[in-house]
Trainee: 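The structure's right below; bear with me while I get my questions together.
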Amino acid sequence: MLLLAPGIRYFPDHFNAAAQAALVEDIRAVVTEAPLYIPAMPKTGKEMSVRMTNCGALGWVTDKEQGYRYQALHPVTQKPWPAIPPRLLALWQEVGDCRLPPEACLVNFYSEAAKMGLHQDRDEQNFQAPVVSLSLGDTCLFRFGGINRNDKTQSLKLKSGDVIVLGGEGRLAFHGVDRIYPGTSTLLKSSGRINLTLRRVTVS
DNA sequence: TAGTAACA
DNA sequence: TTCA
């Protein structure tokens, strides 16, 4: 484990190839039940380049009308999200350093051209609990800074199997994905990157 | 504003 | 950096 900044812990190669393949199968099952959809920004309705779905009791969603929020139902199918796969619950227990289990697992799919601007994860009620992030598939250029948007940032290439934990002082750090490096992994059938972020939403 | 264009 |  490397401490990248206060509260930002990096576990390179946390999952080996076999474990990564098993996780991809877990996510395939999630996506079959809860299909990826295109989220839209609040107010402007501009579409994000990343496709999303969730598993867990709650899922993070956004649309033009209601903005960022957690809700129990898939916005397209209106069905409850599938359960968080046991392997991901185990990851949270292993690296999350948190008494309470995660309630949400946001699944972000990045195609070759997708990116995500610098942002904070601040739609949860619980900032004591960490955010645990797992990368699968193509390498990306990840950027993170401090709790203010204009704090200096550092960039790091995240590869398949890497885990990052934002906790404590790092919980509200700004972070984003500047680019995907297509063809850097053969884990997924087509190129692209899957990012899974486990979160505790409520306080108790 | 988890995005983006326009601009210094 | 501003705007939205």
Side-chain angles (χ1 to χ4, degrees), chain A residues 4-5 7-8 10 27 30-31 34-56 58-76 81 84 88 102-127 129-158 162-167 169-182 192-202:
Chain A
L4 299 177
I8 304 185
Y10 176 42
I27 296 310
V30 166
V31 169
L36 291 166
Y37 64 93
I38 304 177
M41 299 288 287
K43 310 220 168 128
T44 63
K46 282 186 182 163
E47 291 180 348
M48 297 176 67
S49 55
V50 168
R51 309 262 171 145
M52 292 184 175
T53 189
N54 290 267
C55 48
L58 294 170
W60 188 88
V61 299
T62 174
D63 58 29
K64 180 176 180 174
E65 294 73 24
Q66 294 179 252
Y68 304 160
R69 63 198 186 276
Y70 282 91
Q71 65 179 38
L73 303 181
H74 189 290
V76 177
W81 306 103
I84 298 176
L88 292 172
E103 294 167 300
C105 177
L106 176 60
V107 178
N108 286 332
F109 176 75
Y110 292 77
S111 63
E112 299 192 0
K115 48 197 164 27
M116 188 171 294
L118 217 53
H119 68 281
Q120 293 172 299
D121 291 7
R122 54 180 305 157
D123 302 307
E124 302 75 27
Q125 297 155 24
N126 191 335
F127 294 149
V131 171
V132 174
S133 163
L134 163 63
S135 296
L136 294 170
D138 284 336
T139 298
C140 77
L141 188 61
F142 178 74
R143 189 154 59 95
F144 63 94
I147 60 171
N148 299 114
R149 185 176 282 279
N150 42 355
D151 288 342
K152 73 168 180 356
T153 60
Q154 302 178 59
S155 291
L156 171 71
K157 283 182 182 179
L158 291 180
D162 288 354
V163 171
I164 290 263
V165 179
L166 303 181
E169 279 189 69
R171 174 63 179 75
L172 292 174
F174 274 86
H175 59 283
V177 171
D178 286 335
R179 68 160 297 186
I180 300 296
Y181 297 99
R193 169 177 184 261
I194 294 170
N195 182 67
L196 307 173
T197 49
L198 295 157
R199 300 109 182 267
R200 177 77 198 183
V201 179
T202 67

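Naming: A, B, ... by sequence-line order, numbering from 1 per chain. All values reported here derive from a predicted model rather than from experimental measurement.
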Trainee: Report the distance from atom CG of A:Asp162 to atom NZ of A:Lys157, rounding to the nearest 0.5 Å.
Mentor: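 NZ of A:Lys157 is found 12.5 Å from CG of A:Asp162.
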Trainee: Does B:dT1 count as syn, meaning its glycosidic angle lies within 90° of 0, or as anti?
Mentor: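 Syn, angle within 90° of zero.
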Trainee: Ignoring hydrogens, what is the shortest heavy-atom contact between A:Leu118 and A:Arg149? Give both atom names and the distance.
Mentor: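 Minimum heavy-atom contact is O-NH1, 3.3 Å.
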Trainee: Can the positive tip of A:Arg51 be found less than 6.0 Å from the middle of the six-membered ring of A:Phe109, inside 45° of the ring normal?
Mentor: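 Not satisfied by the 6.0 Å and 45° rule.
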Trainee: Under 4.0 Å between a side-chain nitrogen and a carboxylate oxygen: does that hold for A:Arg69 and A:Asp63?
Mentor: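 Salt bridge present between A:Arg69 and A:Asp63.
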Trainee: How does DNA chain B look in dot-bracket form if you count Watson-Crick and G-U pairs under 3.5 Å, write [ ] for pairs that cross, and put | where a base pairs with another strand?
Mentor: ..|.||..
Trainee: Could you state the interatomic distance from CZ (A:Arg199) to CG (A:Asn126), rounded to the nearest 0.5 Å?
Mentor: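 Output value for this atom pair is 12.5 Å.
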Trainee: Protein-nucleotides 1-5 of chain B N/O pairs closer than 3.5 Å?
Mentor:
| from | atom 1 | to | atom 2 | distance (Å) |
| --- | --- | --- | --- | --- |
| B:dA2 | OP1 | A:Tyr68 | OH | 2.9 |
| B:dA2 | OP2 | A:Arg149 | NH2 | 3.2 |
| B:dA2 | O5' | A:Tyr68 | OH | 3.2 |
| B:dA2 | O4' | A:His119 | ND1 | 3.3 |
| B:dA2 | N6 | A:Trp60 | NE1 | 3.2 |
| B:dA2 | N6 | A:Asp123 | OD2 | 3.4 |
| B:dG3 | OP1 | A:Gly117 | N | 3.4 |
| B:dG3 | OP2 | A:Gly117 | N | 2.6 |

Trainee: Report, as yes or no, whether the 6.0 Å neighbourhood of atom CG on A:Leu73 holds more than 12 heavy atoms from other residues, nucleotides or ligands.
Mentor: yes
Trainee: May I ask you to decide if A:His175's main-chain N or O and A:His119's side chain share a donor-acceptor pair within less than 3.5 Å?
Mentor: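 Yes, because the side chain of A:His119 sits within donor-acceptor range (under 3.5 Å) of the backbone of A:His175.
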Trainee: Which atom names give the shortest non-hydrogen contact between A:Ile8 and A:Ala173, and what distance separates them?
Mentor: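 Heavy atoms only, the tightest pair is CD1-CB, 3.9 Å.
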